[in-house]
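Within every chain, numbering begins at 1; the chains are lettered A, B, ... in the order of the sequence lines, protein sequences first and strands thereafter. On a predicted model such as this, the values are computed, not experimentally measured, just so you know.
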There are 2 protein chains.
Amino acid sequence: MATIADVAKHAGVSSSTVSYALSGKRSISGETRQRIEQAITELGYHPNAGARALAGKRSHIIALVVPLHTNVYVPTMMEIAIAVTMAARQYGYDVLLITNDEGPEGVRRVAGSGLADGVILMDVRLDDDRVPVLRAQGIPAALIGIPDDPHGLSCVDHDFAAAGALCADHLADLGHRDVAFIGYAAGVYQRHAGYAERTLNGFRDQAEQRDLRFLHRPCEGTYESTAGTLARILSDRPATTGFVVQNEGAIGPLLSLLRATGRTVPEDASVMAICPDQLAEQYAPRLTAVTGPPNELGSVAVEQVMARISAAADGAPQPEDGLLLLSPDLVVRESTAPAPRRRTDH
Amino acid sequence: MATIADVAKHAGVSSSTVSYALSGKRSISGETRQRIEQAITELGYHPNAGARALAGKRSHIIALVVPLHTNVYVPTMMEIAIAVTMAARQYGYDVLLITNDEGPEGVRRVAGSGLADGVILMDVRLDDDRVPVLRAQGIPAALIGIPDDPHGLSCVDHDFAAAGALCADHLADLGHRDVAFIGYAAGVYQRHAGYAERTLNGFRDQAEQRDLRFLHRPCEGTYESTAGTLARILSDRPATTGFVVQNEGAIGPLLSLLRATGRTVPEDASVMAICPDQLAEQYAPRLTAVTGPPNELGSVAVEQVMARISAAADGAPQPEDGLLLLSPDLVVRESTAPAPRRRTDH
DNA sequence: TTGTACGCGTTATCAG
DNA sequence: CTGATAACGCGTACAA
């Protein structure tokens, strides 16, 4: 492999000149720049990453920590990972993939060894054991998801409250009066999982605003539990015509079950989901859904780490907080329609 | 950050002793080893990755090149990526994620800069433009998938011929006599895509062996094209009772269409797929399927690059070829059953 | 505008 | 069994 010294010799300049020509940190005469560039291409020179990291005190690598057994919809996860990788390249950075089976130790390892200049955490839990490590070591980081105490951290996530509100609004706009919210398993709410709670609150507030009567029912996401959940909803509130589902596992069963009880979607009942578009497209009928842009999640996280990395390098103060909530979009498809005329209207 | 010199001072030894204590490349007295280990934990020392790469001429990083817009089922891709990452850790290696939008240049970049010691390519096409780069630069690599000319390369893939044969055998065992193979779009076969062709050949050979009458029909994978394909099959060979599908997009439509034509699965028609288990489980009825182990694909690829990396480091000759085909498994689920008694049997 | 010289933290070679 | 010391290839203050 050619070194910078080889290039320098070949171009008849000193190696520092080559270095500056590459970094652009001082002006180079057009003529020498020519010679240098030519030498570089002729020799097929690539700066050695290790030497660069050692001398420059930056590896130009960020670590992306991905969950192993994930609650997240996998294609979405992949989309984020790819978005992160491409966004990082814009900054001249590469991405190191870390699986979460290393736990907090993995974060310490890559940051402590200078392998990575910063870290992006996916699938952040409320009480995430990696967060203390970030704080203790002052590691430049961005979190996708929001932990218990986001103080002093850069976080980005979907605006789930807004997502919930969008659902309430859409159903209200269509004239539905009795709606049900089918959510995650009860345990998820009991441990106050951020996204679940925020969605529900957003939905509740807007539902009240719009004078909707609504029921919230947790659901395991299996066929059986969905059947039980739906049965209870229909017996408690037979007039229910609108359903919001935030639980991937429950969507398929719900559609089947509604059909089985003689309700056609969307004529007799409207169903909408809070889920990735890709998933919403897979059902018949295709689902009206509320979604956030996954790749934006990735690119924003990259911006956030980059800001922290350069702040750390400049000795500048770290950006204090950075809670970014990305607005979700409503995409109307075939599973929602105006509420059926009510019996009492006849 | 503590350096090896700090540790040496703290333990009252020279830095080279610390280095050897860590690498184990020469024997250290039990006592000094104690002091060194204590110093390491007390100072929270992590060897600097850049310095290590520079001095040791190895980055301890492999690059994993993932496709952007993928033909592959995404969860499978993710599973492979995670398997690669975990397998690499066993060798003390980390994984750099490279998206294929950089093209062949990306491979050159990470290998040429010494950022990565080796490369794993996913979604390898027959005429893959990254392969020439590997050859020209002599980059240690492993391919997941098999290119046109695998000469001198390490490749690993599913044994699609065996997968095809398993399908033929299973249907024959169940007493089916007329079967149809619904494959990828015609273009895929016209450009002789390896996996498609190999599957079909394996299926054809075994079908002939077992005296099956069979039809191969390409299919776009949309609802409409599947409808057309099925219609033609049923008109050409009304006696068809067994279906093999190798095309994710066609599975759902096929099941719906069979139902719509009054055929229940598996009583009237058996359907089996060549697809990941995870996908097979998603349909109703759950599909009998032939699958290869995705994580093994990842770990084998890692073994292959590692062999090449250490061969390159030792100046040893590279392992010449390394074509590994992983045997697929048949998992019988609810979508296949003995062939219905034939009308002519009455 | 360009060149010189030092340091970054490890590993490997040579002595002892 | 252990210690000095020279690379490794690049970035950057300092000098010209």
H60(A) backbone acceptor or donor facing D117(A) side chain under 3.5 Å: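 Between the backbone of H60(A) and the side chain of D117(A) there is a qualifying donor-acceptor contact (under 3.5 Å).
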
Sugar-phosphate, base or nothing in reach of S23(B), heavy atoms under 4.0 Å: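 Nothing: the residue S23(B), judged by heavy atoms under 4.0 Å, touches no strand.
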
Phosphate OP1/OP2 of dC1(D) contacted by S27(B) side-chain N/O (<4.0 Å):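 True: S27(B) side-chain N/O within range (under 4.0 Å) of dC1(D) OP1/OP2.
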
Residue-phosphate contact under 4.0 Å: K25(B) side-chain N/O, dA12(C) OP1/OP2: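 Result: yes.
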
Contact state string [nucleotides 3-10 of chain D, B base, S sugar-phosphate only, - no protein heavy atom under 4.0 Å]: BB---BBB

[X] and [Y]: which non-hydrogen atoms are nearest, and at how many Å?
{"X": "D128(B)", "Y": "R125(B)", "result": "OD2-N, 2.9 Å"}
{"X": "H158(A)", "Y": "P293(A)", "result": "CE1-N, 4.1 Å"}
{"X": "S59(A)", "Y": "A53(A)", "result": "CA-CB, 3.9 Å"}

Rounded interatomic separation in angstrom, taking CD from Q34(A) and P from dT1(C):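 It is 15 Å, rounded to the nearest whole Å.
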
Validation row: I82(B), E79(B) side chains within 4.5 angstrom (heavy atoms):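 In short, these two side chains do not touch, never coming nearer than 4.5 Å.
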
Test item: H10(A) and Y45(A) side chains (from C-beta on) under 4.5 Å apart, heavy atoms: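 Answer no - side chains too far apart.
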
